[in-house]
Protein chains: 2
Amino acid sequence: MNPSKPVILLIEDDQQTRRFLKTSLGHKGWRIIEAGDGKTGLSMLKNDKPDLVVLDLGLPDMDGISVTKRLRQLSDIPVLILSARSQEQNKIMALDAGADDYLTKPFGAGELNSRLQALLRRINRGYPVSELFQTGQLKVDLAARKVFINNQEVNITPIEFRLLSILVRQAGLVATHRQMLTEVWGAEHINDQHYLRIYMGQLRHKLEINPARPRYLLTEIGVGYRLAVHEA
Amino acid sequence: MNPSKPVILLIEDDQQTRRFLKTSLGHKGWRIIEAGDGKTGLSMLKNDKPDLVVLDLGLPDMDGISVTKRLRQLSDIPVLILSARSQEQNKIMALDAGADDYLTKPFGAGELNSRLQALLRRINRGYPVSELFQTGQLKVDLAARKVFINNQEVNITPIEFRLLSILVRQAGLVATHRQMLTEVWGAEHINDQHYLRIYMGQLRHKLEINPARPRYLLTEIGVGYRLAVHEA
DNA sequence: GGGCTTGATGACATTTAGGTGACAAACCGT
DNA sequence: ACGGTTTGTCACCTAAATGTCATCAAGCCC
């Protein structure tokens, strides 16, 4: 995404913490963009495409758990939570809502930096960004969040895109119900296979010539779905 | 690797912590394998292919940072560090050595569980790899759940696939009735050999040129079935 | 505020796979 | 060759898995 300096979206209302992070992280080679509340944070996520999110749990407009869940619906970006609350229950809730790490105040800039680096390492070992995937007449640009069928761009909703990107990342292999449900809706929904039927149906409707006889989005009964690999 | 239960390699010398983790994590759906020192831990990493590593920094034989670095050389597996030391400098060193997370003792089993889940979420977004098994004109890709005969893909139902994978995993050797029945239908069906006849019949129908004279799926009368190994 | 898009949910239709019994064929020792 | 045993095949029924349609609530963009 940003080869030179990784971009952190900092969602934090407290001025003091913001200044502290801005200088300390800035010196360690990150670029910081800031939001003072949950709403602006979410919209900046869409517009500015940061590499990481650092989120304070105590925001003025929304509670932190909801922001986390919403972030997860919108993107797979790594999220590190900052919070004054150190009770185990708070940490569990945040992590289960989709956060990747949880750090309690007060904390040192060095530790935060190392934890962010660790997250970035992980994500960079994942799928390569900004690569065009193609199978048959279907093209998917994961980085740009764009999908083409017969060179015509198709409108894709966030959930549809996340399902599709799971399939693209392991094209030819089966994505299990379990995997798709946990990655998109969270571990507590592994039984809601209904969701998959609905959204896979919508994807087929948009991408397949004949949704009843899919060429790309294949069903593996009892297991999951598979993106078929075809020649161009 | 293990689709049902993720496997944790626990490298920890303290007996008490080991027992604590074994019971508390075991109840949350993980499978735990244990090593008492760094050397065994590293060798178990190679042999047992766990999904995650939980590593105590204070081991008898090697210092924790070296173990972490060595782990990183060997694999991309997620590593969570446990340690009694809570100084920032220790955390930074461990994280920079390649660890993904760092948790200080004492800690709650719930938090550890959620942190491990978070790591697993991340890693599951990588690429699975597939291996091809081949005998004669029959090819089986277990990871991709695909079966080919004469380079033509064959549709396989879940039960058929499970039977076939048992045979593939021990190609050339006999899979007993008992083994197949317990693995696919559960131990309470060891007498329902009828099931095997039906589904082996269906597999032959799909895979054999002449199902009456099978070249691949051979019957071992009174014992079980065997997948014949041929040259390509 | 009002139209539009998206996500969630329930009811229902459709497709596919699993289980069952009857019977045929192959095998094995005598 | 014979009878009992083991294995294979067929057709059918049922249950489970999947797909579709319609609807409602919430958020978003003018």
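For the numbers below, each heavy atom of this structure counts, side chains included, while hydrogens, waters and symmetry mates do not. Naming convention: chains lettered A, B, ... in sequence-line order (proteins, then strands); numbering from 1 in each chain.
- If you take CD1 of Ile156(B) and C1' of dT16(C), they are 15 Å apart, rounded to a whole angstrom.
- In this structure, the helix from dG1(C)-dC30(D) to dT30(C)-dA1(D) shows an angle of 40° between the axis at its start and the axis at its end, each fitted on 5 base pairs and rounded to 10°.
- One atom, CG of Asn155(B), and another, C1' of dA17(C), lie 12 Å apart when rounded to the nearest Å.
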Stepwise, does the side-chain contact (heavy atoms from CB on, under 4.5 Å) test hold for Val53(B) with Leu10(B)? CA-CA 6 Å; Val53(B) 173; Leu10(B) 172 62; over 6 Å; no
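- Phe161(A) comes within contact range of no nucleotide atom at all, as no heavy-atom separation falls under 4.0 Å.
- For DNA chain D, the neighbouring residues in residues 195-219 of chain A, judged by any heavy atom under 4.0 Å, are Arg197(A), Ile198(A), Arg204(A), Thr219(A).
- The interatomic distance linking Arg162(A) (CZ) with dG7(C) (P) rounds to 11 Å, in whole Å.
- Taking each heavy atom of Asp100(B) and Pro78(B) in turn, the nearest pair found is OD2-CA, 3.2 Å.
- With no hydrogens or angles considered, a side-chain donor-acceptor pair links Arg204(A) and Thr219(A) at under 3.5 Å.
- Here the shortest heavy-atom pairing between Asp96(A) and Ser114(B) reads OD1-OG, 3.0 Å.
- Note: CG (Leu71(A)) to P (dG27(D)) measures 16 Å, nearest angstrom.
- Atom NZ in Lys46(A) sits about 8 Å away from atom C1' in dC28(D), given to the nearest Å.
- Contact annotation: Thr157(B) reaches the phosphate of dG18(C) (side-chain N/O to OP1 or OP2, under 4.0 Å).
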Could you go through Arg226(A) and Glu220(A), starting from their C-alpha distance and side-chain angles, then the distance that decides it, and tell me whether this counts as salt bridge (Lys or Arg N to Asp or Glu O under 4.0 Å)? CA-CA 7 Å; Arg226(A) 169 211 304 280; Glu220(A) 292 288 325; 3.1 Å; yes
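- Smallest separation of non-hydrogen atoms from Leu167(B) and Ala175(B): CD2-CB, 3.9 Å.
- For Met180(B), the CE atom counts as densely surrounded, since its 6.0 Å shell holds more than 12 non-hydrogen atoms of other residues, nucleotides or ligands.
- Contact detail for Val154(B) and Ile149(B): the closest heavy-atom pair is CG2-CG2, 3.4 Å.
- For Asn155(A) and Lys206(A), the side-chain atoms include no donor-acceptor pair closer than 3.5 Å.
- Within the 4.0 Å cut-off from OP1 or OP2 of dA17(D), not a single side-chain nitrogen or oxygen of Tyr225(A) is found.
- A side-chain N or O of Trp30(B) and one of Asn113(B) form a donor-acceptor pair less than 3.5 Å apart.
- Nearest to the side-chain atoms of Ile159(B) among the listed nucleotides dC28(C), dG18(C), dG27(D) stands dG18(C).
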Let me see the working for Phe148(B) and Val140(B) under side-chain contact (heavy atoms from CB on, under 4.5 Å), right down to the final yes or no. CA-CA 6 Å; Phe148(B) 302 86; Val140(B) 180; over 6 Å; no
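- Summarising the geometry, the separation between CE on Met62(A) and C1' on dA26(D) is reported as 13 Å, rounded to the nearest angstrom.
- For DNA chain C, the neighbouring residues in residues 176-194 of chain B, judged by any heavy atom under 4.0 Å, are Trp185(B), His194(B).
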